[in-house]
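Presented below is the structure to which this report refers.
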Amino acid sequence: MAEKRKSIHGIWSGRLAFILAATGSAVGLGNIWKFPYIAGENGGGAFVLVYLLCIAVIGIPIMMAEVMLGRRGRRSPVNTMHALAAEAGASRHWHWLGWAGMLAGFLILSYYSVIAGWALAYIFRSAGGVFTGATAEGVSAIFDRLVGDPERLISWHTLFMVMTMLVVARGVRSGLEQAVRYLVPALFVLLLILDGYALASGAFNQGLAFLFTPDFSKISANGVLIAMGHAFFTLSLGMGAIMVYGSYLPDRTSIARTSVTIALLDTLVALLAGMAIFPIVFVNGLDPGEGAGLIFKTLPIAFGHMPGGALFGTLFFVLLVFAAWTSSISLIEPAVAWLVENRGMTRVQASVLAGVITWLVGMLTVFSFNSWADFHPLFFVPHFEQATVFDLLDYLTANVMLPLGGLAIALFSVWIMQRNDSVEELDMGDGAAYRLWHFLVRYVTPVAVIIVFLNVTRLVDFGSLLGLAE
Ligand code: PHE
């Protein structure tokens, strides 16, 4: 057995701490803000079904692979890939996977922080009773006013980036771990309260039908790519966040059980959020394809009309901010770990540097909602004519960079890494469970990712073969 490496950044206090941290990374804006609006834009049921399938056959196996690589390498993704490639006698170019992940992390966090800023702003609006008794139009107007004002967006974005840097600077144990312990459970409770409200709203069945009745004529090939991309995004896969968290995982923890637990919790949060939001959409005659403002235009209506709504609303947005916070720290951790390892920086210096860069890139998103709202850089490309800079950043990262990163992780884990090494590191024997994982990662994931990509680039029109829309 190879000599085990040690992480210089410290180690989680145990399996529970890792589950909490990785769940904190996974559960975030992706579940509550993004999942409902992209499900709405892509027709509901069929999209949700594809997404769930992707979580099961692509997401969970890749999560296991990513945790496994991280724990074996015990360093930042760049250095982990370097070390593992050397160990397997493979090309040193594999460390580019770590770099690509760092870049994806910067780009995602740059817009993530702006959206988290909306949630910050909404804490104060709820607490101030702004939504009490508000109509759907009133709530929409409040949202439009917020995103139309770049100065406000910059202030909230700045605050959120400072919060992120503060936690990251404090390090693995004291910073990251403490944050998640009570927040994830509290978020569940609040979502259940919202679901209770939706249940009583009169359109609960309509909401459920929208989410869970698949109609494949409503989803396009591009919709399938978005569902797959979201499976990566929501589980934080394909950019090194889970890899770097895995590098802090104690040696004897079961990677398989942990990954399944995290994926189940994450999926549950997304579905609970969808079940709360769509009934409100239908009761108020709103458009499910409303776009990025969806939850900010729907949930405040519920808070404005339920008893104790100002309190619940405030709490909800506080929890949403916390959920985003525990994700954002994982988005820059790969870069921070690298700066500490290779540039000899302290965690504080590394966090500040990474945070300032991300903050600057965030301006692209800030202006996408106001000054540049009519700037459509790819106006000449079908599907993207109307896309703003924010839309393109989101599309590029979630639907291109993460799936490609995941593909590379899959290929490395089963085609490059020695089989014995993955058996040893996953530590679940060489039985049926290991073989299933190996099969999924070796064949199913790469083939699925490649088919979806080819299909979207229209080189092969599998979509029409499968009877998908367009
Ligand atoms: N999983 C997070 C969410 O759903 C976003 C994220 C993506 C975090 C990639 C880390 C890495 O909100």
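All ligand and atom numbering here is 1-based and tracks the order in the structure.
- Numbered from 1 in the order shown, with element, the atoms of ligand 1 that lie under 4.0 Å from a heavy atom of Met239 read 11 (C).
- For ligand 1, one of its N or O atoms has an N or O atom of Ser236 under 3.5 Å away.
- Listed by number with element, the atoms of ligand 1 under 4.0 Å from a non-hydrogen atom of Ser25 are 1 (N), 2 (C), 8 (C), 10 (C).
- Interface of Leu29 with ligand 1, defined as ligand atoms under 4.0 Å from a residue heavy atom, comprises 12 (O).
- Using bins of under 30°, 30° to 60° and over 60° for the plane-to-plane angle, the ring pair Trp325/Phe322 lands in the tilted bin.
- In terms of polar-atom proximity, Leu237 is not counted as a contact of ligand 1, lacking any N or O under 3.5 Å from an N or O of the ligand.
- Residue nearest to atom 12 (O) of ligand 1, selected from Phe232, Tyr245, Phe233, Tyr112: Tyr112 (by heavy-atom distance).
- Between Trp118 and Trp33, the two ring planes are perpendicular [angle over 60°; tilted spans 30° to 60°].
- The pair Glu290-Lys297 meets the salt-bridge criterion, with a side-chain N (NZ, NE, NH1 or NH2) lying under 4.0 Å from an Asp/Glu carboxylate O.
- Between Phe35 and Tyr51, the ring-plane angle classifies as tilted under the 30° and 60° cut-offs.
- In this pair, Phe143 and Phe296 present their aromatic rings parallel. The plane angle is below 30°, not in the 30 to 60° band.
- Using cut-offs of 30° and 60° on the angle between ring planes, the pair Phe124 and Trp156 is parallel.
- Contact annotation for Ala26 and ligand 1: only backbone heavy atoms (N, CA, C, O) come within less than 4.0 Å of the ligand.
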